[in-house]
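The structure appears right after this line, and notes come after that.
Only this structure's heavy atoms are used, side chains among them; waters, hydrogens and symmetry mates stay out. Reminder, nothing fancy here: chain letters follow the sequence lines and each chain counts from 1.
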Amino acid sequence: MAESSFDPSQADGRWQRAWDEAQTFRADSGSSKPKSYVLEMFPYPSGRIHIGHVRNYTMGDVLARYKRMRGHEVLHPMGWDAFGMPAENAAMEKGVHPGQWTRANIEHMKAQLQRLGFALDWSRELATCEPEYYGHEQALFLDLYEAGLVYRKESEVNWDPVDQTVLANEQVIDGKGWRSGAEVEKRKLSQWFLKITDFAEELLEGLGALERWPDKVRLMQENWIGRSQGLQFSFTLSTGEPLAVYTTRPDTIFGASFVAVAADHPVARAAAQGNPSAEEFIALCKRGGTTAAELETAEKLGFDTGVTARHPFTGEALPVYIANFVLMDYGTGAIMAVPGHDQRDFEFATKYGLAIPRVVADSVAQASDPFGVGAESGEGVLVNSRFLDGMGVDEAKAEVIRRAESESWGEGKTVWRLRDWGVSRQRYWGTPIPFIHCATCGVVPAPKESLPITLPEDVDFQTPGNPLQRHEVWKRVECPQCGAEATRETDTLDTFVNSSWYFLRFASQPADRPFDPEEVAKWLPVEQYIGGVEHAILHLLYARFWTRALRRMGRLEVAEPFASLFTQGMVTHETYARRGADDGRQSFFSPEEVERSSDRAVLKADGFPVEIGRVVKMSKSKKNVVDPDTIVERHGADAVRWFMLSDSPPERDLPWSDAGMEGCARFVHRLWRLFGQYDAGAEGTEDKPLERKTHQTIAAVATDIEALGFNKAVARIYELTAAVEKAAPAASRSRAILTLVQLVAPMMPHLAEEAWQKLAQPGLVADAPWPEVDPALLVEDEVTIAIQHMGKLRDTLSAPKGASKADLEALALASEKVQRSIDGAAIRKVIVVPDRLVNIVT
RNA sequence: GCGGGUGUGGCGGAAUGGUAGACGCCGGGGACUUAAAAUCCCCUGACCUUUGGUCGUGCGGGUUCGAGUCCCGCCACCCGCACCA
């Protein structure tokens, strides 16, 4: 066979067209084959594909192609999470309409994805910003409303007083608006909520069945949902009013030394009446951001209201503080503070000179031990607590609840950390919430026939705030109940709503309904879902909730959308920077601008060195990005795909390296040369070791792909390649070469098709079956036994597989090296692990 | 701050409680070539008195015949924290 080189710039496009023409990856829901739904989290169309997307989609692609080879009918779709803030930012900065910007990005990114040869069913492509998608979402939202899962309530937002705009958390930097720089305030707005808390128990219990989810994700969701058993009871205040508090540590009730309420608690507001300093303190609490991280890292501050609360057991008058670390959203918005056994309370008590009683100790004898640097929140026995003294923490909790209930001043209560999902966004580029505000009828749902309620096109982004709210024409509508003039809801839905059901729409796309239950039932649950860990909680919890809500409404059979979840790591790159001589600030350089040698990096422009910084997630701000297009153009899609799979385990970060990328490109060509040595008519003696290696590799690669251990599969393929290269020409060798083509087909599909054709195999390798394994060839007959003395390796010996313990022991003792190490000492014990090792203990 | 994770050669990593470093990258040496590129072969954890030995999986302890792996306590970094997606 004549030598010719593999040219990806020709081959990639040719095979991509061939798959497209043959509609190879079109999913047929009518197929009788077993079905597999392989899904990667759909991208936000930011403009260009990021190398992280390439990694994510390559993993899914390998699995999708492998499943096809294993005889499955595979659904592997792609779409666009197309609503969101960046489009509005682009509109403000460049004056381009969000829709135009988004659609142009989609077009560009789709072409980029297609150049990578992904086995996607593009006929099911969807974009959440199109009325054909969000109109159905509006219908589903109305269904949820009818099911009683949608309601309105007041909730806080970040308010920029200068721009007169609601800010996202990421737009608040150090408590200030990102554009205006003004101090951000918390402001209350009436907003739409989904009752995810109705499903708290279900979502928690359901985690148990998600066996193919990472434990860490299940644990994070469990903690997020946060079921706690505690006591809710009321203090009687010195004003005569009751004050309800909730505590998860009723056992420590005798250690309470003060009571604290949230800044917007009615008790706080009452205290502020005619008290300017209390008012000032509440205003102080309203400044700054709304995030939990900010609230909890902020210095603990309080204000003594002068009101006291009567302790239910001791009758002691406890001071009532307004405190910035108490949240109105959790429990009752008021706490009994036990500084000895809660760190936040401890810090607060220390700052304000309040008592820190000890009520839990390691033993009864240590009842008066002083505290160290912080609170002690661990296990122990109760002390200084009257009837609880000597009890364990759990026993004491139960006892306090029992007494509270029998004396009817409190009750045991399960409280969830999970809060209802606020879905209102005061923005243009999102799904309009299908409701109408009427002066007489109130808030009424838009009639289903009026859907989709589409976004107006004529909007301006030069003024801050929500363009929908300013759009007098779009807003004006007839009240569906009384026919009077009314206005549309101008809030749009959180983009997490868009991604909470897109996997259903991929499975079934009727024009008149969101999805067809029967079609959905054929594909769901998703066999393998792949995406970043950053979605471990919110997106995945919301999608689970949405699916369960639809099931409760009788719209779906399936309870959990994703049978198996995989969270992949980020792609990272080292950074190149120089520090400015005057201000000391770092300016970054892109890899393109830098010449990297083994121990240093210089700027191409001036030949002087730049600082090589840490290896971090690729980001525009650090300029440590690599453009997929450039790399694909330079090395071909297969080499890039191979690099994405090599070396780093998929759940970990993948450090980009040009050298590693080039190594992958070399391997593509090395394989091509080897494939060229295939000889269909090869004769000669059978090469048993090669046959064995070939079959062991088929089995190992299959296991590795199924477990998404791509880096291990890659290593096995390297080994087999080296073994085939070394082997003498024979029928076994040619069989191994053909096998190799099939093994790399899911990973390097273009090379594999090219080789498949060159080796005169029928059809497309994409349609070929996965090679069969001969189980007889998987077993080795000789094994290497490690010989240790006192746990230290002294020798290795070869022995027949399955040799008896006595034989192995004799063999070990016969070793000269072992005897030298023992040096005549008395043997006390010999540990023999069959087929593994012998350890001699003296 | 709270919740979750990660840590092994120069680098990415491999290793059911049983030979630590498979495989890849970098680096070194050699072959081929007028030369270079490409390709192929060999070496490549550190140290030492080098046919051998000692040390070595973030740090400090522990369990075990045997620990990268299990237990306890630290450290560093990464992810999430409800309006980024």
Exercise. Does B:rG9 adopt a syn or an anti glycosidic conformation, taking syn as a chi angle within 90° of 0?
Worked result: syn
For this session: Considering just the side-chain nitrogens and oxygens of A:R666, establish if one lies under 4.0 Å of OP1 or OP2 belonging to B:rC25.
Result: yes
Exercise. Aromatic ring centroids of A:W80 and A:F42 under 6.0 Å?
Worked result: no
Problem set entry | Under-4.0 Å side-chain N/O to phosphate OP1/OP2 contact, A:R652 with B:rG7 | yes
For this session: Could you check which of B:rG18, B:rG12, B:rU54 has an atom nearest any side-chain atom of A:P655?
Result: B:rG12
Exercise. Of the candidate nucleotides B:rG18, B:rG3, B:rG12, which contains the atom at the shortest distance from the side chain of A:V833?
Worked result: B:rG18
Which atoms of nucleotides 69-79 of chain B (N or O only) lie under 3.5 Å from a protein N or O atom, and what are those distances?
residue : atom : partner : partner atom : Å
B:rC77  : O3'  : A:R614  : NH2          : 3.1
B:rC78  : OP1  : A:R614  : NH2          : 3.4

Problem set entry | Minimum-distance nucleotide to A:Y44 side chain [options: B:rA85, B:rC55, B:rG18] | B:rA85
Exercise. Between B:rG12 and A:S648, is there an OP1 or OP2 to side-chain N/O distance shorter than 4.0 Å?
Worked result: no
Problem set entry | Paired stretches of RNA chain B - 3 or more consecutive Watson-Crick or G-U pairs, each distance under 3.5 Å | B:1-7 with B:75-81, B:10-12 with B:23-25, B:27-31 with B:39-43, B:45-48 with B:52-55, B:58-62 with B:70-74
Exercise. Any side-chain donor-acceptor pair under 3.5 Å between A:E294 and A:T291?
Worked result: yes
For this session: Answer with yes or no whether the side chains of A:D795 and A:S815 bring together a donor and an acceptor at under 3.5 Å.
Result: yes
Problem set entry | Which nucleotide in B:rC83, B:rU19, B:rG80 has an atom nearest any side-chain atom of A:I537 | B:rG80
Problem set entry | Nearest non-hydrogen partners of A:V701 and A:A713, listed with the distance | CG2-O, 4.0 Å
Problem set entry | Distance-only side-chain donor-acceptor flag, A:H789 / A:T842, under 3.5 Å | yes
For this session: Take atom CD1 of A:I840 and atom C1' of B:rU19, then tell me their distance rounded to the nearest Å.
Result: 14 Å
Exercise. Is the glycosidic torsion of B:rU64 within 90° of 0, making it syn, or is it anti?
Worked result: anti
Exercise. Between A:Y502 and A:W546, does the ring centroid distance fall short of 6.0 Å?
Worked result: no
Exercise. Would A:K153 count as a cation-pi partner of A:F193, with NZ or CZ less than 6.0 Å from the six-membered ring centre and within 45° of the ring normal?
Worked result: yes
Problem set entry | Six-ring centre of A:W192, A:R152 cation under 6.0 angstrom, axis tolerance 45° | yes
Problem set entry | Given B:rG3, B:rA85, B:rC83, the nucleotide with the shortest approach to the side chain of A:T495 | B:rA85
Exercise. Using a cut-off of less than 4.0 Å, is there contact between a side-chain N or O of A:R836 and OP1 or OP2 of B:rU19?
Worked result: yes
I'd like a table of atom pairs between the protein and nucleotides 20-22 of chain B - only N or O on both sides, under 3.5 Å - with the distance next to each one.
residue : atom : partner : partner atom : Å
B:rA22  : O2'  : A:E719  : OE2          : 3.0

Exercise. Are A:F503 and A:Y529 close enough that their ring centres sit under 6.0 Å apart?
Worked result: no
Problem set entry | Side-chain N or O of A:R425 closer than 4.0 Å to phosphate OP1/OP2 of B:rC83 | yes
